[in-house]
2 protein chains.
Amino acid sequence: MELTKRKKEILKIVVESYIDTAEPMGSKAVVEKMSGKISSATVRNELADLTEMGYLEQPHTSAGRIPSPKGYRLYVNELMERRTLSAEETAEINRTLSDRMSGMDEVIARAGQMVSSFVGYPTYAVADHTGASTARRFELLGVEDSGVIAVVMLSDDRVKSRLLQPELPVSASQLPELSHLLNTHFTGIGASEMNARLMNLSDQVQGNWFLLLNQVVEYAAALVRESERQQVFTDGASQLLRFPEYRDVDKAHDLMRFMSESKSALPVPADGAPVQILIGPENVNDALKESSVIVASYDIGDHMRGLVGVVGPTRMDYAAVAARLSYFAESLSAMFGRKNQLPPKEEKE
Amino acid sequence: MELTKRKKEILKIVVESYIDTAEPMGSKAVVEKMSGKISSATVRNELADLTEMGYLEQPHTSAGRIPSPKGYRLYVNELMERRTLSAEETAEINRTLSDRMSGMDEVIARAGQMVSSFVGYPTYAVADHTGASTARRFELLGVEDSGVIAVVMLSDDRVKSRLLQPELPVSASQLPELSHLLNTHFTGIGASEMNARLMNLSDQVQGNWFLLLNQVVEYAAALVRESERQQVFTDGASQLLRFPEYRDVDKAHDLMRFMSESKSALPVPADGAPVQILIGPENVNDALKESSVIVASYDIGDHMRGLVGVVGPTRMDYAAVAARLSYFAESLSAMFGRKNQLPPKEEKE
DNA sequence: TTTTAGCACTCTGGGGAATGGAGTGCTAAA
DNA sequence: TTTAGCACTCCATTCCCCAGAGTGCTAAAA
């Protein structure tokens, strides 16, 4: 059977109505939307065809039609009008973005929050490291009251620092030498290798040095390990409850638990695709089979990608969410993607 | 009317049963719990008295009794057996704590997560700064490919750092001088004062210096501002849905929204109290009037307190949560509260 | 004075049965 | 190929009934 232009038109109407109302749509309602060019009986025939072809479903014999995942897919691929954001919308996003954005890893956590409050769905945010990161540069700085600041720059350009309290005092004048030691022995290697090398040094350096080295290396190793383990931030979980499909508390609970617990099982976009849409059963994970996910990636630094995913019912507003999400991702890439590029300045309110 | 010992015993039984089952308790069930020392008619009289005195409530005339907020309060103050944690429980908490704990501000965020997964209720976590923090020390470090690492130590002992890309190159040899400039002009002052001083310097230093200074100061000002604004982390919101009192999606939604949005309106413990319990209407905020909050504070660094609050239904398991929460708070204080003290070492699995 | 047994009464929650409405599919005519 | 007409299906809502749980009260017993 052929998918005529009229069938597509009707499918589009049904999908959009269902996205809007979450109610099955009947033939009469379709006729109204088509401004009466056609009778309800004709529409009924078309609806029957679309159902047979697998684009629509019937909750029960005498209800209207709702889109099937296949129907959503066709809608997303062909029928949906790509939305562009209005000037006000982009302005608002820019304002949010420029507001306060500090280090790279804060970007990831904040990206999820921002997107969630912006699109009105729950989100998750992940950092996607290309390859394991290592320490690239160490620096120790003395502070007055005998504390030591350890600064570690990682191969992915993150810079982390922390105040350490040496167990035995180390004089400030020795810190450059210690920094040098760290830079020669502990850069470019993984966490376990760091520990191994530390052991080798244990009887080559003085006790107070070793204790400090130990703290620094432990800190650096924790940082390196942290970047291996995917950290997932979820935000706006409560938004789920806005939707009638999650009025069933158990469903909502399951999905929320899944999002906040099963780090790593969340979808990531296929390479190259800026925004990917996964509809219902297209999701690999069971917990998501009745929901949809829109996920986008953006560049931060030269060695990292950030991911933001939006989770919602299968009838989520694909056009609106995808538009906002890709604008976000593009803006973030522009701000953090390459070096020597500054955030677009925006007047603060 | 007097609150006899027997009345208290009965009240305790009712409260604990209700905490356990969320079902109103009738006179017969009470008799069973008291192992038959007394008849149900007697218990009925006592229950009627307790109701009249305001410790119990009746959902409707022919239902059992449930505790009123006043009843919970009495229970918490007098009747509840303070729980102590078993060796396994403390061991598990210690394991979680020692696992990975980096900088101070990560502590706050992670504390909420840990407590939430541990006690099985949603939590919020806040940093409570005593007084506004300022920058205490600046340090600029050059990296090979012309980037500059800015290290800022704040008056609250937090150390933050970030990689900057100067718009115009600044030679590495000039960085110590610039650091000195920063340390003399921009320490010990608030964010707006920083900007003012920066303006004053604008025509006293070379253009490329100024551009870099600008970036550093903007970064530092953002850090200072960040510590003024209370940042609230919430975790485990989905746990709410475990409880029958939040099966009403709207109630759950309201509370979740409140927790994730209304930063700052969340309860903080009165000074001195290590753990504070707020029952139902004792909460100032409307959104919490039908829930209870247990909040604890712990010390991190010398100038900061962290707060962790546990949110749940009024029938939450006060004894268990309070015990766990205070153990957490104590452990965190011990680990981060004073300087020169190290986390209790625990073998990592 | 306190406790207990007995009893009438109240209220809830759950399980049908009845009903109206929305929507369908099919047939036959346009 | 489209349309009007019609019988049919299924759901959601409402109403009603009833068992069960639990109460308060009275009057007798301790």
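Naming convention: chains lettered A, B, ... in sequence-line order (proteins, then strands); numbering from 1 in each chain.
dT1(D) atom C1' lies 10 Å from atom CD1 of Ile38(A), rounded to whole Å. Following rounding to the nearest Å, Leu47(A) (CG) and dG23(C) (C1') show an atom-to-atom distance of 11 Å. Separating the CE atom of Met1(B) from the P atom of dT2(C) is a distance of 12 Å, rounded to the nearest angstrom. In this structure, Ile66(B) atom CD1 and dG22(D) atom P are separated by 14 Å, rounded to whole Å. In this structure, the CG atom of Asn45(B) is 15 Å from the P atom of dA27(D), given to the nearest Å. To the nearest angstrom, C1' of dC25(D) lies 15 Å from CD of Glu52(B). Separating the CE atom of Met25(A) from the C1' atom of dT24(C) is a distance of 16 Å, rounded to the nearest angstrom. Look at CG on Leu50(A): it is 16 Å from C1' on dG25(C), rounded to the nearest Å.
For Arg44(A) and dG5(D), a side-chain-to-base donor-acceptor distance below 3.5 Å is present, hydrogens and geometry of angles not being considered. Judged by distance alone with a 3.5 Å cut-off, a donor-acceptor contact links the side chain of Ser62(B) to the base of dT10(C).
When distances are taken from the side chain of His60(A) to each of dT3(D), dC10(D), dT23(D), the shortest belongs to dC10(D). The listed nucleotides are dT24(C), dT10(C), dT23(D); the one nearest the side chain of Thr61(B) is dT10(C). For Ala41(B), the side-chain atoms get nearest to dT4(C) when compared with the rest of dT4(C), dA4(D), dG25(C).
dA29(C): Watson-Crick or G-U partner is dT2(D), with both key distances under 3.5 Å. Of all nucleotides present, only dT9(D) satisfies the Watson-Crick or G-U wobble test against dA22(C), with each distance under 3.5 Å.
Among the candidates Ile279(A), Asn283(A), Leu278(A), Leu74(A), the single residue satisfying the side chain to side chain contact (heavy atoms under 4.5 Å, CB included) test with Pro69(A) is Ile279(A).
Taking 4.0 angstrom as the limit, Arg65(B) places a side-chain polar atom (N or O) nearer than this to OP1 or OP2 of dG24(D).
Counting heavy atoms of neighbouring residues, nucleotides and ligands inside a 6.0 Å radius, atom NZ of Lys70(B) exceeds 12 of them. Residue-environment remark: NZ (Lys33(A)) stays at or below the threshold of 12 foreign heavy atoms within 6.0 Å. Counting non-hydrogen atoms of other residues, nucleotides and ligands closer than 6.0 Å to CD of Glu9(A) gives a total above 12. Heavy atoms from other residues, nucleotides or ligands lying under 6.0 Å from CD of Glu89(A) number more than 12.
Residue-level contact check: Ser27(A) touches the backbone only, with heavy atoms under 4.0 Å from sugar-phosphate atoms and none from bases. Residue contacts for Ala63(A): at a heavy-atom cut-off of 4.0 Å it reaches the sugar-phosphate backbone alone, with no base atom in range.
Annotation: of the two residues near DNA chain C, Lys37(B) and Gln58(A), the 5′-most nearest-nucleotide partner is Lys37(B).
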